[in-house]
2 protein chains.
Amino acid sequence: MRPRDVIRTKRDHGELSPEQIDAFVAAAAHLDGSGWERYHLTALLMAIYLNGLSPAETAYLTVAMANSGRRLDLSDIAGPKVDKHSSGGVGDKTSLILGPLAAACGVIVPMMSGRGLGHTGGTLDKLEAIAGFRVRLSEEEFRTALRRVGLGMIGPTADMAPADRTLYALRDVTATVESIPLITASILSKKLAEGIDGLVMDVKCGRGAFMQTRPEAQALAASLLRVGTANGLRMRALITAMDVPLGCAVGHTLEVIEAIEVLKSRGPHDVRELSILLATRMVELAGLGDAAQAEQKVRAALASGAGLDVFRRCIEQQGGDARVIDDYHRLPTAPYTAAVVAPRRGFLTQMNAQDVGIATLLLGGGRQRADDTIDPAVGILCRAKPGEFVSAGATIYEVHYRDVQRWHEARERLEGSFTIGETPPPDTPLVLEELV
Amino acid sequence: MRPRDVIRTKRDHGELSPEQIDAFVAAAAHLDGSGWERYHLTALLMAIYLNGLSPAETAYLTVAMANSGRRLDLSDIAGPKVDKHSSGGVGDKTSLILGPLAAACGVIVPMMSGRGLGHTGGTLDKLEAIAGFRVRLSEEEFRTALRRVGLGMIGPTADMAPADRTLYALRDVTATVESIPLITASILSKKLAEGIDGLVMDVKCGRGAFMQTRPEAQALAASLLRVGTANGLRMRALITAMDVPLGCAVGHTLEVIEAIEVLKSRGPHDVRELSILLATRMVELAGLGDAAQAEQKVRAALASGAGLDVFRRCIEQQGGDARVIDDYHRLPTAPYTAAVVAPRRGFLTQMNAQDVGIATLLLGGGRQRADDTIDPAVGILCRAKPGEFVSAGATIYEVHYRDVQRWHEARERLEGSFTIGETPPPDTPLVLEELV
């Protein structure tokens with residue numbers, strides 16, 4: 001089967017056969033000797049981006065990518081295994097909260113997360129703000145963590161879904177990321193390889209997300225549900241707003257602190273309630289109660305400190321310094337802070353999540369390229385959120401920075417990121433829709 | 001300028017800026033250090049294939065590709081320089097005839113041709129069937145040929161339009177060949193680099209051509225005319241039928257013989273008349289007479305043997321054995337011949353040019369890949385053409401072969417390539433349309 005003929009099929013709006021998809025995925029997993037080159041892969045990726053994949057093609061591609069490497073078998077670990085995945089947002093630290101809460105309720109949470117790219121953050125990078133925390137565990141260490149703590153938080157291993165690693169890197173540099181079938185296959189191939197029974201998807205929608213419009217987010221959620229359930233996963237998908245940053249903290253250290261604050265029953269209302277809702281769905285999918293019972297369990301785990309205790313034990317189990325929970329100064333701290341203030345009094349009517357994400361990137365707290373290093377100490381605290389009334393000169397953003405030049409670049413972006421008006425903006429819900 | 005951003009522009013149906021096209025072409029010409037990889041180029045080529053290029057983008061791309069290498073300046077050679085280009089067909093040996101005819105009428109013909117690929121033949125390969133004929137001349141040798149003979153027939157040099165060489169090779173393996181803007185830029189970038197004043201285009205249309213339908217052929221002809229005239233070329237474009245092979249001979253030696261026969265005022269009617277028409281247009285574009293005067297000159301050059309004499313001098317000038325003109329046995333000859341016969345009596349109603357081209361390829365007289373070697377001796381003589389009445393057992397094809405296994409493969413293809421019916425097929429014109 002020649003690559004050219006596979007490419008031509010999709011170029012001409014045809015349906016790729018299972019054999020054609022197998023050849024494409026095998027080449028992505030092991031290029032040498034496949035008869036394919038990277039330039040074949042990217043031509044096909046662009047044809048898929050522009051001409052799409054049918055539900056059947058998407059499902060087959062997902063399974064082929066999952067099968068391109070090792071698939072974990074966690075059946076020897078007692079208990080229902082449920083994970084959560086977010087399509088990526090600004091200030092989204094819910095994984096650090098809902099993982100411990102769900103585990104405290106009896107769910108086994110084998111959480112495999114990614115790193116941040118562009119203006120969105122990654123769970124792995126946030127965990128690494130904690131001194132000593134190891135996100136690369138051997139399979140045996142991961143199993144031990146799940147048995148002892150009920151929660152393991154790691155990155156994908158080199159031998160899992162290798163086809164996705166190649167394809168994602170190529171998509172990133174050839175403008176073929178924002179494709180619903182390709183996103184579906186990328187996310188779910190890794191999740192299928194995790195050996196989970198259930199998955200809660202948080203599909204972000206808005207200016208700060210990949211999916212900027214509601215129909216796009218709905219299409220992605222529907223695609224994920226269809227392919228996931230067809231492969232035996234119990235699934236829920238929420239579509240949540242990502243127009244303004246989630247919570248107040250953006251940046252690695254600041255987000256870890258905010259997550260711990262929520263686990264201490266403090267912290268911003270939006271982060272707390274979204275974390276509770278997502279953890280509730282995980283408990284439901286685990287078969288540990290109906291919606292009301294599950295929510296009661298999660299709220300109890302939060303109130304009792306059981307969730308915080310799981311997080312503490314998770315940090316210890318993975319080699320991290322758990323004293324950060326009681327002493328935030330043990331986290332990396334930026335040497336300087338500065339403020340971006342309101343130019344006049346009025347209601348804060350808008351705050352652009354993407355601008356805040358990019359400003360964090362400019363401060364050094366993100367990656368423009370996959371091999372950039374990040375500075376976990378820098379970041380932004382939103383001291384006001386849309387709907388609040390601010391006086392002239394009131395702090396909108398508290399910026400934690402290390403380099404004055406970078407601060408100036410970030411300030412320019414931040415000053416254009418919000419608007420102040422005479423009347424308060426309409427209330428907008430955080431959870432836009434839920435699909436079963 | 002990042003490749004990703006250029007790709008994204010075309011992916012999203014945007015107009016590529018001159019700077020973006022320059023970056024793409026510079027990378028195709030010299031990949032090292034450009035910041036581009038082949039996998040960027042092919043993703044962009046697929047986006048162009050599917051989303052198209054505007055006339056302005058196509059024109060800019062063509063010039064950028066022409067300027068990516070050396071452009072000949074022939075202004076020191078007296079006389080109007082006019083070339084002809086065909087979009088590729090089966091049995092099309094007109095270049096070997098019209099080049100000498102036009103030169104005999106006073107046109108300077110700096111003809112740069114290509115090699116055959118797939119089921120279509122190439123002028124360079126046909127010339128190389130003549131022992132000693134050198135299609136690679138130095139620029140000085142080429143100039144000498146033009147001064148002395150008025151005709152030079154060579155391949156593109158390594159330093160002309162290098163961007164096209166890279167892009168064509170990538171298009172071939174990624175199913176992005178059949179794109180009107182990309183074909184336009186590929187053809188005309190090389191023609192602009194030739195230093196000509198005028199160009200006659202023969203756009204082939206039908207089963208044996210790249211452009212299988214009339215609207216596609218019209219679109220290509222219009223695109224070529226638009227871009228060519230915008231760059232100062234005097235142009236004519238003919239759309240000619242390519243459903244059945246042109247003439248009777250397909251294969252290198254056989255086509256050279258047929259071309260010489262036409263120059264001797266014999267040979268098939270269709271080849272002769274199309275060659276005269278195309279040469280007439282070249283004489284017109286050269287400013288050497290109106291349509292009637294030009295045709296008269298060309299027919300006179302044919303009748304007097306002046307065209308044959310130019311071809312003889314051209315062969316000698318380029319190192320070939322000109323005695324082939326009087327002794328066809330000096331051309332490579334296949335050891336065996338066999339016949340494909342009519343299974344019953346009736347009118348030959350159809351003959352599929354593509355099948356005949358592919359059968360020639362199967363005999364060893366073509367290239368599946370650019371680095372295949374060809375056997376100039378093998379080929380097919382069509383002993384009947386559509387419209388003729390044939391008896392049962394009459395020879396339809398005389399097949400010249402070397403390898404019996406290959407002959408069997410070719411026979412299978414040839415037996416399905418024609419149909420016999422009760423009534424003669426309608427007459428179909430060879431020249432479908434002419435655009436000015």
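Naming convention: chains lettered A, B, ... in sequence-line order (proteins, then strands); numbering from 1 in each chain. Computed over heavy atoms, backbone and side chain alike; hydrogens, waters and symmetry mates excluded.
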Please check if atom CZ in B:R165 has more than 12 non-hydrogen atoms from other residues, nucleotides or ligands closer than 6.0 Å.
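Enclosed.
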
Are there more than 12 heavy atoms of other residues, nucleotides or ligands under 6.0 Å from atom CD of A:E412?
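Not buried by this count: 12 neighbours or fewer within 6.0 Å.
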
Ignoring hydrogens and angles, tell me if any N or O in the side chain of B:R4 forms a donor-acceptor pair with the backbone of A:D172 under 3.5 Å.
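Answer holds: yes.
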
Whether B:R11 side chain and A:L50 backbone form a donor-acceptor pair below 3.5 Å:
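No; judged by distance alone, with no hydrogens or angles, the pair does not exist.
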
How long is the gap from CD1 on A:I7 to CE on B:M46, to the nearest 0.5 Å?
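Result: 6.0 Å between the selected atoms.
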
Nearest 0.5 Å, please: how far is CZ in B:R8 from CD in A:E178?
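Taking CD in A:E178 and CZ in B:R8, the distance rounds to 6.0 Å.
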
Closest heavy-atom contact between A:H40 and B:T174?
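Shortest heavy-atom separation between A:H40 and B:T174 comes out as CD2-CG2, 4.1 Å.
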
Minimum-distance pair of heavy atoms, taken over all atoms of B:T42 and A:Y39:
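Closest pair (atom of B:T42, atom of A:Y39, distance): OG1-O, 2.7 Å.
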
Give, as side chain, backbone, both or neither, the part of A:L45 having an atom under 4.5 angstrom from any heavy atom of chain B.
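Contact with chain B: none, neither part.
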
